[in-house]
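This is a predicted model, so every value here is computed, not measured. Just so you know, these numbers use all the heavy atoms, side chains as well, and skip hydrogens, waters and symmetry mates.
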Amino acid sequence: MAIFHATLTPVSRAAGHSAVGAAAYRAGLRLTDERTGDLHDFSRKAGVLDARMVVPADAPAWTTDIGKVWNAIEAAEVRGNARVGRDFVVALPHELSETARADLARQIAGDIVARYGCVVLAALHAPDARGDQRNFHAHLLMSTRQLGPDGFAQKVRVLDDRQQGPKELAALRSLVADRTNEALTNAGLQTHVDSRSLAARARAAAARGDVEAVADLVREPHRHLGRAATAALRRGERGPKAEENLNISHHNMAFTAASRARAAELWNQQSRAATARPLSLPGARLPSPAKVRIAVAGARGAVEVGRSATGRDARLLNAQATAVQKSLRASAANAALYSAGLQDTARSCDDSLKGYIAALRYSAASAEALRRYLQDAGAMAAVRRALDAREAWEAARATQGAARTARGKAAVKTAQAQRAADEGAKAAPPVWRALSRRQWAEKRRAQRAAVAAAEHGEQGANRAVAQAGSAVAETRRAWEAAEAERRRLVPLPDDGPAQGPFPTPAPDVAPRAPADLVVAGASAAMPSPPRRRPRL
């Protein structure tokens, strides 16, 4: 299938580049840089299929000469770190004929000239003899200045702008995708390309419900090798970037196969859950596929490689197949964990449904009727809302019970602190000496601080109990509303006009503090509200 690739790279003197040298390499020519006197000879470069200038309609006649154009571009720039060009590399579909690829490259170059008023050297390159034989591409070497009847004029700044530059590049990529799809359609091909990122395309596929497309798009993009790494790879030297890309290719092949198998497994799981008894509620939160890198594909055993590939790309294809084989064998454990997670989720859904039936105190006939109703999407949604509302109410009541317990403990702490302060006041030393008086004052201050802290904690516990009571009341009303809606959409035999939606709980009344508390093994009266005491 056709792939999309469109990258823009600056040609800058700061990096030691020359516009004349860049043009000579891309066009496969022997050119002399008149500014520096350097000779750039790439006349023996293989793989250059075509190279020609694409210029505005009102351009001078000399702009058809590649050497004159790029020497004029070098002469127009005076800064030592100036950008003298931009290299826009575009992938050309290998499915097209040679003539169709050349026409496509010239159309894209013409669109760029019309958009920016610059000149473009359109150079078509064939795949490298030692690389992927589908890698037809075009180098569209753009000038950084506009060209008029009198020569090169002002700079094209929009692509260098921090805010508008990324938007303009996205527009260029979209233009390339549109032109490529138009050429594929004219050639009678069904395939097409997309300029969006893998993540954006996966989100769009998920939005339209195309699970198979999502499985293909959830993969890691490759890293750009660059000139040096590509040259090393052609020499048979595999650097870190090339090694990383090979690992990404291996992983993507295994992950795509696993994603497809996982999507089919999830679909079968939901289909079985829709007809099995006890029935799992749809809408359950299944384990996220993103958390399991390689899953169901290796659950039933690794796929055996039938036979080795032959031909020009045999080494790469066989290495990829071997890596996929190893990856699928290693994924069996993860697949088992994923399957166990699905089973646990199904059991959790069954438990929730049983708890809902038990909370309503319904009979087996109502439970069976409810399971029949769950074949309808609207009924499933209504039951899910009622079940969620009931669980929220139960959680609020549990929080309220914990808050009441905490309030009782805070009351005990306050009583203990108050008793310690009262007993300390009665045990004042009969003889007042300077040192003992100071020690006694510090002790009394610590006791009063402990009482104040305990009272503050008790006040916070009281507020927590009040908030929990409000939450219980609110969730109770939500449950009543959800249950009423459920009864309207999913009537059951045990639903009666006089019966409430769920058993009425005990009144939500805050318990009073006991008359006395057991503190340190003795019975102590509940202290009166704290009063201000004179300082010692």
Indicate yes or no for a side-chain donor-acceptor contact from Arg83 to the backbone of Pro10 under 3.5 Å, with no hydrogens or angles considered. no
Heavy-atom pair with the smallest gap, counting every atom of Ile73 and Ala19: CG2-CB, 4.3 Å
Run through Leu172, Leu147, Thr144 and flag the one making a side-chain contact (heavy atoms from CB on, under 4.5 Å) with Tyr116. Leu172
Taking NZ, NE, NH1 and NH2 as the nitrogens, is one of them in Lys155 or Asp160 under 4.0 Å from a carboxylate oxygen of the other? no
Determine whether Arg35 and Val20 make a side-chain contact, defined as any pair of heavy atoms from C-beta on separated by less than 4.5 Å. no
Test: Arg145 and Glu77 ion pair at under 4.0 Å: yes
Looking only at heavy atoms, the pair that brings Val84 and Ser18 closest together is CG2-C, 4.4 Å
Pairing residues for Glu485 by the salt bridge (Lys or Arg N to Asp or Glu O under 4.0 Å) criterion, not counting sequence neighbours: Arg488
Val119 backbone acceptor or donor facing Ser143 side chain under 3.5 Å: yes
In chain order, what residues pass the side chain to side chain donor-acceptor pair (under 3.5 Å) check against Asp150, with sequence neighbours excluded? none
Asp41: what forms a salt bridge (Lys or Arg N to Asp or Glu O under 4.0 Å) with it, not counting sequence neighbours? Arg30
Look only at the side chain of Gln133 and the backbone of Asp128, and say whether a donor-acceptor pair between them is shorter than 3.5 Å. yes
Output, in order, the C-alpha distance, side-chain angles, deciding distance and verdict of side chain to side chain donor-acceptor pair (under 3.5 Å) for Thr9 and Asp87. CA-CA 5 Å; Thr9 306; Asp87 186 20; 5.7 Å; no
Quick one, Leu184 and Leu96 - any side-chain contact, counting heavy atoms below 4.5 Å? yes
Enumerate the residue pairs fulfilling ring pair (Phe, Tyr, Trp, His ring centres under 6.0 Å) with a member in residues 143-187, sequence neighbours excluded, ordered by first and then second residue. none
Does Thr185 use its side chain to pair, donor to acceptor, with the backbone of Asn181 at less than 3.5 Å? yes
Please list all pairs meeting salt bridge (Lys or Arg N to Asp or Glu O under 4.0 Å) that have one or both residues in residues 105-121, counting only residues at least two apart or in different chains. Asp50-Arg106, Asp103-Arg106, Asp111-Arg179, Arg115-Glu168
Compare every heavy atom of Ala389 with every heavy atom of Ala482, then report the nearest pair and how far apart it is. CB-CB, 4.0 Å
With sequence neighbours excluded, residues passing side chain to side chain donor-acceptor pair (under 3.5 Å) with Asp178: none
Residue pairs fulfilling salt bridge (Lys or Arg N to Asp or Glu O under 4.0 Å) with at least one residue in residues 59-71, sequence neighbours excluded: none
Exam field: side chain Gln146 to backbone Gln154, donor-acceptor pair closer than 3.5 Å: no
Who pairs with Thr32 by side chain to side chain contact (heavy atoms under 4.5 Å, CB included), at least two apart in sequence or on another chain? Leu39
So, does Thr63 use its side chain to make a donor-acceptor pair with the main chain of Ala59 at under 3.5 Å? no
Qualifying residues under ring pair (Phe, Tyr, Trp, His ring centres under 6.0 Å), relative to His125, sequence neighbours excluded: His137, His139
Using side chain to side chain donor-acceptor pair (under 3.5 Å) as the criterion, list what pairs up with Arg157, not counting sequence neighbours. none
Can you pull out every ring pair (Phe, Tyr, Trp, His ring centres under 6.0 Å) where at least one residue sits in residues 153-180? Sequence neighbours excluded, please. none
With respect to Met142, which candidate in Val113, Leu8, Val11 satisfies the side-chain contact (heavy atoms from CB on, under 4.5 Å) definition? Leu8
If the condition is side chain to side chain donor-acceptor pair (under 3.5 Å), which residues does Gln164 pass it with, not counting sequence neighbours? none
Could you tell me whether Glu483 and Arg385 have a side-chain N and a carboxylate O separated by less than 4.0 Å? no
